[in-house]
There are 2 protein chains.
Amino acid sequence: MQDHFELNMDEYLPLRDVVFKTLRKAILTGEIKPGERLMEIHLAKKIGVSRTPIREAIHKLEQEGLVTMIPRRGAIVAEISEKGLRDVLEVRRALDTFCAELACERISEEEKEALRRACTDFEEAVKTGDTTVIAKADVAFHDIIIGATGNERMVMTINNLAEQMYRYRFEYIKDASQHERLIKEHRALLDAILKENVIGAGEAAREHIDNQEKSILMQIHLDEK
Amino acid sequence: MQDHFELNMDEYLPLRDVVFKTLRKAILTGEIKPGERLMEIHLAKKIGVSRTPIREAIHKLEQEGLVTMIPRRGAIVAEISEKGLRDVLEVRRALDTFCAELACERISEEEKEALRRACTDFEEAVKTGDTTVIAKADVAFHDIIIGATGNERMVMTINNLAEQMYRYRFEYIKDASQHERLIKEHRALLDAILKENVIGAGEAAREHIDNQEKSILMQIHLDEK
DNA sequence: GATGATAATATTGTATACAAAGTACAAAGT
DNA sequence: ACTTTGTACTTTGTATACAATATTATCATC
């Protein structure tokens, strides 16, 4: 009757999920570039599994919008146009604003505490200068707000939208000139939510996304030049 | 140089998509009930294809949230809880409101005309009393508004959410006592958008969803009794 | 009769084989 | 030189075979 085994259960992960994660990461980090074809046999050999898990992973990527499929031609990594990006951000603006407002009404004391901590964690993360750490801290902060709505569908929906932006997010978080602004905006959002100031929280969230949009679009235009 | 061939191209549809549509319909109409298992070999025999397209279709259903998968156990038709339904409607409330507001600012003259027509079409549809016709007309009306935002991601996101509700939607549109109210609300929404009255359109959309929620939840509670 | 071990069965996960369609390239005709 | 057609090759779509695991049934033991 020992229970100190930590019962790892050695979490079994289907190969399709392993492949999915592998490919997703490769796309998000730009290792595989937009427009590039994903060929099953090729990938199967490279990763060392059969075509079946590859196919299933590619289909998942399609549903996530990271690749587009052409019948009998296979999959290519999705180009995300500026219009596409604006569209994603427009939907997120509506949802993030709403989340901030809802969070004011529904957030628990524990979540308030967690949010406070996440906010300072983010500030610490910025100090490290490590992009990955900063990005994670940022996601953590926002996840608490979204989670505080208690709406799981909202979490799923926003995650799906976020997926579409990760490729750019990373670039934009790398830009150190944005960091102070990010900290300020997070604090404003934190304050409003702690005070349960619905209007203020909504506005802070909207502004946060607006600035993000400006920043990302600027990045894209720089890349293009 | 004839171009009157109509070149049907006999649109090829992969079996996985055929199976997907078949299963989806079966789930949405209640032919397969929540909690029921979807077993690959059984379905393959029943539909008359191999397991491969069945698997792929089931994975698509999972992504759409219509089934939930348990590793090494397969898929079961997703139970949608009352909480889950409320969550979906809460997200839709935020998005539909936003869409109505955006539509005011972006709708073209052609779309205005289409919307007017869709509104009267809906009224005609109600007169027929045919649930399927009514449901289609209702979808058409709302699709124009969502489409008028010019935001494709918005269309995708809302479609995804709508998917989750179709099972209940049908029940609630069957309820004839709601029809007059629906017509009134559609007219209010139409008027506000035609006048490009942003506030009014948002309110009308919100109220429309609110009433829908009340009605559907009532239905569910009736079913449970 | 209840319980636990073990075998039988059912079902998913993965790999491979085959079919069909699409693509590219070369040879033949103009 | 250019177009057209045919053929070889690539790649996806589908079917099936095999492996691993979970479920169920059976039987022995207490």
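Numbers restart at 1 for each chain; the letters A, B, ... are given by sequence-line order, proteins then strands.
Counting to the nearest Å, the C1' atom of C:dC18 and the CD1 atom of A:I41 are 13 Å from each other. The interatomic distance linking B:R72 (CZ) with C:dT12 (P) rounds to 12 Å, in whole Å. Rounded to an integer number of Å, the gap from A:R16 CZ to C:dG13 P is 5 Å. The interatomic distance linking B:L43 (CG) with C:dA10 (C1') rounds to 15 Å, in whole Å. In this structure, CE of A:M39 is placed 13 Å from P of C:dT23, rounded to the nearest angstrom. Distance, B:I70 CD1 to C:dT12 C1': 12 Å, rounded to whole Å. Here the C1' atom of nucleotide C:dT12 and the CE atom of B:M69 are 8 Å apart, to the nearest Å. Between A:R55 atom CZ and C:dG13 atom C1' there is a gap of 15 Å when expressed in whole angstrom units.
Using a 4.0 Å heavy-atom distance criterion, B:I58 is classed as making no nucleic acid contact. At the heavy-atom level, A:H42 lies nowhere under 4.0 Å from the strands shown.
Residues B:H208 and B:H186 meet the side-chain proximity criterion, which asks for heavy atoms closer than 4.5 Å. For the pair B:N151/B:L102, no side-chain contact is recorded, criterion being any heavy-atom separation below 4.5 Å from C-beta on.
Using modelled atom types, one side-chain atom of B:H221 and one backbone atom of B:L217 make a donor-acceptor pair closer than 3.5 Å.
A pairwise comparison of heavy atoms in B:T149 and B:R106 identifies O-NH1, 2.9 Å as the closest pair. Closest non-hydrogen pair, A:V18 versus A:T22, comes out as O-OG1, 2.7 Å.
B:F20 pairs with exactly one of B:K60, B:E56, B:H59, B:K25 by the side chain to side chain contact (heavy atoms under 4.5 Å, CB included) rule, that one being B:K60. Applying side chain to side chain contact (heavy atoms under 4.5 Å, CB included) to B:L66 and the options B:I58, B:V77, B:L28, B:L23 leaves one that passes, B:L28.
Under the Watson-Crick or G-U wobble criterion, with both distances below 3.5 Å, C:dA28 is paired with D:dT3.
The base of C:dG13 is paired with the side chain of B:R51 by a donor and an acceptor separated by under 3.5 Å.
The span of DNA chain D lying next to chain A, judged by atoms under 4.0 Å from heavy atoms, is bounded 5' to 3' by D:dT11 to D:dT14.
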